[in-house]
Amino acid sequence: MTGTDAPAWPQCGHLDMGERCRGRRVGSYTFCLAHLDSAERAAHLASLTPGADLDHRGTPFTQSLLDELLAPLRDPGSRRARVGEASFDEVRFTGDAEFEGIDFGGFCSFASAVFGGGVYVREVHAGGDFRLGAAQVAGDVWLDDTEVGGDAWFYEVRIKGTLRFCVREVGRGAMFKGMTCGDVYFSGVRVCGVASFDGAVIDGEAAFDGAVFEDGADFEKIRITGRACFDGTHFHRGRACFNGADIGGDMPFAEAHFAAEATFDGAAIGGDLSFSGARLEAGVGFRRAVFRRTARIGPLVCPGTVDFSDAVFEAAVTLEAAAREVRCRRTRWASTAALRLRYAGVDLSDAVVEFPVTVIGRPRPFVSPEGEVIAEPGLTDDRVRVTSVKGVDAAYLVLADVDLTGCLFVETVHLDQLRLEGRCILSPPPVGLRWIRRRTLAEEHHWRATRYGDGWMPAPPGVETHEPAVLAPVYRQLRKALEDGRNEPGAADFYYGEMEMRRHDATASRGERTLLRLYWALSGYGLRAVRALAWLVLAMTATVLAMMLWGLPQADPDPVSAGTTDGRRVALTTRKPAPVNPEGPYTGRLSTARFEKSVRVVVNSVIFRASGQDLTTTGTYVEMAARLVEPALLGLAILAVRSRVKR
């Protein structure tokens with residue numbers, strides 16, 4: 001209602017420069033309390049008794065007039081004024097207004113009032129609502145040692161100075177929606193209902209330390225230009241909502257208690273967020289939040305989910321959190337970041353990493369600034385599990401001491417530049433002689449689970465299963481990443497995985513797949529020394545048996561010389577008879593002497609040397625085959641050993 005509108009109460013008949021006073025008439029008089037003459041005012045005040053209702057809407061007030069009004073309502077012993085319901089809507093107060101030692105049995109309303117100075121409320125008890133909605137205050141507003149039995153209404157109030165809301169208790173809710181003021185102090189206040197600061201503008205600092213919000217608090221779209229302190233604040237039952245808030249400085253939540261979810265969705269935060277010793281019983285959401293100059297978040301202990309999806313970090317930041325899950329989907333880091341985590345499953349899907357970002361699994365609990373270990377209730381699995389890096393440009397991503405057993409790598413960009421530091425764990429194949437022990441990707445598990453079933457980890461609901469043709473390049477890039485980091489032994493498992501995917505790739509040619517199967521069978525792609533040595537021993541054993549049975553002649557032939565003489569000169573020709581194939585039963589050929597000769601032939605064939613032993617035609621071909629196959633198997637075994645010890 002504007003000053004030109006007719007008020008909803010009987011209007012004062014006083015005219016000032018042609019304008020009629022908006023004050024409410026007093027009783028049967030034609031004027032408001034301010035414009036009654038002295039005799040009429042005295043008569044009216046004399047009629048008041050403690051506990052009377054007051055209705056002076058629109059009346060111009062001064063402190064002296066207020067004191068006159070309250071004097072007949074004060075108890076002679078306690079000197080406290082007792083008022084029933086009080087309506088001071090649209091009053092115009094000149095100078096400071098002080099309300100001290102008053103008991104309101106019902107509501108006390110100053111809606112749309114205008115105060116030329118400050119408002120100071122001390123030791124006041126309101127049995128009903130306390131309303132200052134849409135009021136304009138040129139100075140400070142202090143509520144000290146005050147109790148409000150109903151709601152506290154400060155809806156769209158305009159305070160040029162400081163708001164000090166040191167109310168002992170608000171019986172129901174507190175409404176500060178759309179309020180504007182300088183610094184605010186809500187230290188130790190207790191609000192039994194919902195507290196709403198939606199859209200409030202605080203041009204300074206805000207202190208909510210020790211406050212208790214029984215049904216939660218709504219700070220949606222609040223703007224605080226300075227520091228906002230929530231140390232020791234308790235949010236019971238309802239959630240703490242900071243969606244769309246604009247905080248210019250730090251937001252400390254040390255020793256705070258959040259009984260329900262806390263959300264900072266779309267908030268803009270200009271400083272650090274400290275949660276040292278805070279107790280969170282549900283999740284924390286920072287979706288679409290913008291961290292302008294935030295250098296540190298945490299230590300944050302949360303048994304639920306900490307969600308940074310679509311958040312933007314504009315400055316270098318260190319995040320310390322122990323949580324069940326940390327989501328960083330589509331999160332953008334415009335500067336360096338270190339995520340020091342405990343227990344959490346970390347989802348980095350489609351995150352934008354413009355500067356080095358390190359995800360570190362922290363083995364030790366976090367400590368408070370005083371050096372005390374911070375408790376971690378509700379968290380049991382101490383592994384830090386990275387669940388997805390799909391869609392990430394991994395050129396600046398570092399993963400250290402994390403569990404990658406369920407991590408999704410397909411669709412990651414520049415995966416060959418990913419850095420894996422410390423002990424990064426990947427899934428092994430199922431236990432059994434059929435499967436070689438190695439580090440495998442979760443996506444390979446998903447694919448093999450569709451073919452072999454038990455033992456392989458199936459894809460979770462909603463996760464696509466990829467074919468070997470897609471997985472082979474992933475293994476290849478991870479292998480290169482480790483090789484560039486001088487971790488040749490670690491890269492060997494990724495090479496094995498790459499070759500396995502190529503061997504099972506249905507789009508590859510049959511000849512290539514056959515060659516890969518042979519390579520796998522003989523030496524595990526040059527990585528399984530035992531397999532190559534086993535084949536070497538088998539080949540040498542077969543060669544020894546072949547030599548004993550068919551390769552060595554019946555007996556070593558002696559040279560035969562023949563010659564002619566013409567009386568003066570002798571001409572001799574020496575020739576060696578062809579070796580005679582062995583005869584008789586096979587058991588007779590398996591003698592110690594023949595075994596020794598066969599071993600000499602086979603050992604020399606492994607190192608590319610001729611044995612010098614006379615052989616049958618069959619033995620000659622067996623030796624030729626052995627000199628081709630067995631050195632190759634020995635070379636594969638040496639290659640496998642080298643791949644495991646190379647630095």
Side-chain angles (χ1 to χ4, degrees), residues 208 211-219 230-243 251-265 267 269 272-287 289 291 294 296-311 317-329 331 338-349 359-370 372-388 401-403 405-407 425 460-461:
F208 295 88
V212 177
F213 300 103
E214 292 288 352
D215 283 335
D218 181 3
F219 294 87
F230 292 86
D231 289 346
T233 305
H234 291 252
F235 299 90
H236 296 321
R237 293 191 295 273
R239 67 172 183 165
C241 177
F242 295 87
N243 296 347
M251 291 187 71
F253 290 92
E255 305 297 333
H257 174 218
F258 297 85
E261 183 183 18
T263 59
F264 296 78
D265 298 350
I269 301 173
D272 296 347
L273 281 82
S274 171
F275 291 87
S276 178
R279 185 159 61 98
L280 294 94
E281 300 182 16
V284 183
F286 296 93
R287 294 172 289 271
F291 298 90
T294 302
R296 184 178 183 184
I297 300 176
L300 173 60
V301 178
C302 174
T305 299
V306 181
D307 195 346
F308 290 96
S309 297
D310 298 295
V317 65
T318 297
L319 168 63
E320 295 181 326
R324 180 177 57 83
E325 182 181 5
V326 175
R327 292 178 186 164
C328 297
R329 298 172 182 168
T331 304
L339 280 63
R340 299 171 182 168
L341 307 175
R342 287 176 54 78
Y343 301 99
V346 187
D347 187 350
L348 298 170
S349 299
V359 180
I360 306 170
R362 180 186 170 97
R364 303 178 306 281
F366 298 112
V367 295
S368 67
E370 294 76 25
E372 299 179 355
V373 174
I374 298 176
E376 300 168 331
L379 298 172
T380 55
D381 189 348
D382 60 358
R383 299 175 302 161
V384 174
R385 306 168 308 282
V386 178
T387 59
S388 175
D401 296 318
V402 295
D403 189 321
T405 55
C407 186
I425 304 172

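Just so you know, these numbers come straight off a predicted model, no measurement behind them. Counting begins at 1 with the first residue of the sequence.
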message: So which atom in Arg362 and which in Arg364 form the shortest heavy-atom distance, rounded to 0.1 Å?
response: NE-O, 2.8 Å
query: Counting N and O atoms only, with roles assigned by atom type, does the side chain of Arg342 sit under 3.5 Å from a partner on the main chain of Pro363, one being a donor and the other an acceptor?
result: yes
query: What distance separates Arg327 CZ from Leu348 CG, expressed to the nearest 0.5 Å?
result: 13.0 Å
message: Quick one, Phe242 with Phe230, criterion ring-ring contact (aromatic ring centres under 6.0 Å, His included). Give me CA distance, side-chain angles, the key distance, then yes/no.
response: CA-CA 12 Å; Phe242 295 87; Phe230 292 86; 5.2 Å; yes
- prompt: Any side-chain donor paired with an acceptor under 3.5 Å for Ser309 and Asp307?
  reply: yes
- prompt: Between Arg383 and Thr405, which heavy-atom pair has the shortest distance, and what is it?
  reply: NH1-OG1, 4.2 Å
task: Tell me, with the steps shown, if Phe208 and Phe219 meet ring-ring contact (aromatic ring centres under 6.0 Å, His included).
output: CA-CA 12 Å; Phe208 295 88; Phe219 294 87; 5.2 Å; yes
- prompt: Distance-only, no hydrogens or angles: does the Asn243 side chain make a donor-acceptor pair with backbone N or O of Asp265 under 3.5 Å?
  reply: yes
task: State whether the side chain of Arg385 and the backbone N or O of Tyr343 hold a donor-acceptor pair below 3.5 Å, judged by distance alone.
output: yes
query: Between Val301 and Glu376, what is the shortest heavy-atom contact and its length?
result: CG1-CA, 3.8 Å
field: Test item: Thr387 side-chain N/O and Val346 main-chain N/O as donor-acceptor pair under 3.5 Å
entry: yes
query: Between Val317 and Arg296, which heavy-atom pair has the shortest distance, and what is it?
result: CG2-N, 4.2 Å
